[in-house]
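Side chains are part of it too, since the values below use all heavy atoms of this structure and drop only hydrogens, waters and symmetry mates. First the proteins, then the strands, lettered A, B, ... as listed; each starts at 1.
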Protein chains: 2
Amino acid sequence: MAPIFDFETVRLDEKKERLLILDQTRLPGKVCYISLKTQEQIIDAISTLKVRGAPAIGITAAFALYLGMKPFIGLSFEAFYKHFKEVSTPLAKSRPTAVNLFWAIDRIEQVILRNRKAAIVDILEAMRAEACRIKEEDKIMCRDIGIHGISLLKPGWGILTHCNAGHLAASWYGTALSPIYTGQEMGYHFRVFADETRPLLQGARLTAFELQYAGVDTTLICDNMASVVMGKGLVQAVLTGCDRVACNGDTANKIGTNTLAILAKHYGIPFYTCAPSSTIDASCKTGENIVIEERSPEEITEKWYRKRMAPENIKVFNPAFDITHHSLITAFITEKGIVYPPFDFTREENDKK
Amino acid sequence: MAPIFDFETVRLDEKKERLLILDQTRLPGKVCYISLKTQEQIIDAISTLKVRGAPAIGITAAFALYLGMKPFIGLSFEAFYKHFKEVSTPLAKSRPTAVNLFWAIDRIEQVILRNRKAAIVDILEAMRAEACRIKEEDKIMCRDIGIHGISLLKPGWGILTHCNAGHLAASWYGTALSPIYTGQEMGYHFRVFADETRPLLQGARLTAFELQYAGVDTTLICDNMASVVMGKGLVQAVLTGCDRVACNGDTANKIGTNTLAILAKHYGIPFYTCAPSSTIDASCKTGENIVIEERSPEEITEKWYRKRMAPENIKVFNPAFDITHHSLITAFITEKGIVYPPFDFTREENDKK
C-alpha cells in the first residue's frame, strides 16, 4: 500500500548542505518548503513554530547540530567540542517544554564524546548518521504507536484530538494521529473531531489539513465545543500527543489537553496519551518539575486577525502547554506497547539507555 | 457614587422614532452607535449580534415591536393585532436559544390583548410604556443580582467568567458581571479572568473592554486556559450568565459554559449562574427541550481572520450554546436571591405571572 503522505516535514538536503522544512505557519493555504542553512535560521524556525511537534523538533535539532558543526572540520577535538557546546546551548533554549529537543541534543553529544579519539571528519559523519538514525527511529516509533493504538479502537468510533500530533509533528503518521491513519488503512472509518487549538490554531490549520489530505472523516470544532460532542455520545476515545512525560505519568502537552482529560473522565471516555519513549523525562519526578513555556500576548490578541480583537493594554496569560495529571490518563500508547496505571516511567527511561 | 458606565447599550430615541444600539461587532476598536428604524434592520442587528445578550435582546425586541407597530395607528384592533403577529413572528425567529426574546414579545402581546377595547393610539402608548418598563426592570434586576451575588464572594477573590454577561448584554451592570462591579464599588479588588470565548470572541472584545473601562483587574485567556488558572488556585468562583433555564435547573448559555462547570466541579470551585427570572422557561422541563442554535462554519474558519485558517471544504460543527447540567451548578443568583439545589423553577415561573 502506498503511504498516505507523499511529502516530508523535515528533510536533510546533503548536497546543498541545508535543511528543508515544510513551513507550517503557511498551512493550510500554502504547502511550501523553506531552506535553512544557519543555526540562527534553524533556531528561528523552531521558536516561531515553522517546524513544531516534539518529535519533529528533535529531528530538526539533530540535523541542525550536524550542519552547524560542519564548518569546524579543521579543529582539534577540544576546540570542536567547545564549539559544539556554543552551538547547542542556544538551540536548547529555543523551546523549553518539549523534552525531545534536549534528548536529541544529548544523543548527538554522546556520539561526539564516544568518538573523541576519531578524526573530526569521522565525528561529523557519525553525527550525520545519528541524526538520520533519529529520523528513521521516529518513523518506526510512529508506525508502532499506530499498531499498538489501533488495538484499543473499534471501527466506526468517534475520536477527538487536540493540537497536531500527526505527520506534520513527526515522521510517518505522527503519534496521536498514527492509530487513526492505521485505522484508515484498515477501513475503520473513524469520525475524527479536531479541536482548533487556540491560540495558534494547530488543529484547524494542521490537523484538519493532514486528516483531510488522508481522506479521514474530519469535523473541526472550537476547543470549547469538545464537551458538547462528548456529551452527545459522538466520541469514544480521546487521543493526544505529548511534549514531556514525568516519571509518575504527569504529562505536558499543548494547552487545552488537561481540559479534555477532565472532560473525558466526566463523560467516562478513555483518554489516551500517545508518547514516544523520547518524550519520557526521567529527570522529572512529577509534572510540577516541568517548565511551561509562556508565549506573547499578541498570539491571543492580534495574531491571524485583521485587527486587534482585545482592548489595548489588557493583561493576557498565554501558557503554551498544560500538565495533565496522571490520574486522568487511561493509558499511554508508546512504540513498545500500551502502558496502564499505575505509571512508573523511571524504569522505562533506564531501558532506553 | 457615579455609575460605572456613562453609556447605554440600547436606547429608544422617541423624537426620531428610532432605536440607538451600541454596535458590539465594532468593539473594542470602535465605540459607535447605529440607528435602527425598520423591523428588518432590527432583526438583522439581533441575528448578526450587533446587539446580543439575553436581557438586551429582550429590551431590543420590545422596542422593536413598538416602533414596528407605530405605522399601523389607523387600523381596527383586529387588523392591528394581525399585523402585530406578522411583525413579531420573524423577530421571534432571529435567535432561537435565548428565552428573553420570546418573553419580551409575549409581554408586549399581553399588553395589546389587555387593551383590546382601547384606541390604537393608547395601545401603542401602553406598548411603549411596557417596553420602557422592561428596560427599567432590567436595570433593577441587574442591580439586585449584584447585591445578592456579592454576598457569595470575598474581597481579593479570583473570578472566572465566560462570554459577556455584563453591561453590554443587559442594562446597568449586567448579570454575571454585576456582582463584580458591585464588588468594584465596595473596594473588593477582584482579579477577573475573562475567557476570550471562541468563535465570536465576546470575552476578548466585550468583557475585557467593559471590565477594563470599569477599572477591574482583568486578565484575558483563551477558553482552553481556564483549567490552568483554576488548577493554579487563582479562581475562587466562576460566574456566568444564561440564556435559558429549564424547570430542573439545566441551563443554556454560551458554548463553553458547560466545560467550565465540569472543570469547576473537578477543582472544587463554586459555579454560579446569574439568571434573571426572565430567563426561566417553565415550558422547558429539562435542557433536552432547549433548541441549540447552530451558526455558520465561517465563524470558525474565516471570521476575523486575514485569511482562511482551515482547509477548504472541511466539515465544521458550530453550536452557539451548550447545556450545563443542573447537577454542576452550585447556585443560581437571581434578582430575588440565591437559589440552591434541588432546583425547581416551576413555581418560580408561576410567581412571575
For each of [options], tally heavy-atom pairs with chain B at distances under 4.5 Å, and name the one with the top tally.
{"options": "His266(A), Met309(A), Lys254(A)", "result": "Met309(A)"}
{"options": "Asp217(A), Thr207(A), Leu260(A), Leu206(A)", "result": "Asp217(A)"}
{"options": "Ala194(A), Gly203(A), Pro28(A)", "result": "Pro28(A)"}
{"options": "Ala204(A), Pro319(A), Pro297(A)", "result": "Ala204(A)"}
{"options": "Arg308(A), Arg205(A), Gln212(A), His325(A)", "result": "Gln212(A)"}

*asked:* Heavy-atom pairs under 4.5 Å with chain A - which of Thr218(B), Asp322(B), Ile221(B), Leu27(B) has more of them than the others?
replied: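 With the most close heavy-atom pairs to chain A, the winner is Thr218(B).
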_Heavy-atom pairs under 4.5 Å with chain A, option from Met225(B), His162(B), Lys307(B) with the top count_ =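 Top option by heavy-atom pairs under 4.5 Å: Met225(B).
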For the residue pair [X] and [Y], establish whether any side-chain heavy-atom pair is separated by less than 4.5 Å.
{"X": "Val316(B)", "Y": "Glu196(A)", "result": "no"}
{"X": "Phe209(B)", "Y": "Ile314(A)", "result": "no"}
{"X": "Leu220(A)", "Y": "Phe317(B)", "result": "no"}

_Under a 3.5 Å distance rule, please check whether Glu312(B) uses its side chain to pair with a backbone N or O of Gly29(A) as donor and acceptor._
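Answer holds: no.
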So how far is it from [X] [atom1] to [Y] [atom2], rounded to the nearest 0.5 Å?
{"X": "Asp223(B)", "Y": "Cys222(A)", "atom1": "CG", "atom2": "SG", "result": "8.0 Å"}
{"X": "Arg306(A)", "Y": "Lys303(B)", "atom1": "CZ", "atom2": "NZ", "result": "8.0 Å"}
{"X": "Asp195(A)", "Y": "Arg198(B)", "atom1": "CG", "atom2": "CZ", "result": "12.0 Å"}

*Non-hydrogen atoms of chain A under 4.5 Å away: do they reach the side chain of Pro311(B), the backbone, both or neither?*
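Contact with chain A involves both backbone and side-chain atoms of Pro311(B).
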*Heavy atoms only: give me the nearest Tyr305(B)-Leu201(A) pair and the separation to one decimal.*
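Heavy atoms only, the tightest pair is OH-CD1, 3.4 Å.
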*asked:* If you count heavy atoms of other groups shown closer than 6.0 angstrom to NZ of Lys315(A), is the number above 12?
replied: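 Yes.
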Checking heavy atoms, do the side chain of [X], its backbone, both or neither come under 4.5 Å from chain B?
{"X": "Asn313(A)", "value": "both"}
{"X": "Thr301(A)", "value": "side chain"}
{"X": "Leu234(A)", "value": "neither"}

*Hey, are Asn224(A) and Thr259(B) close enough side-chain-wise for a donor-acceptor pair under 3.5 Å?*
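No, Asn224(A) and Thr259(B) have no side-chain donor paired with an acceptor closer than 3.5 Å.
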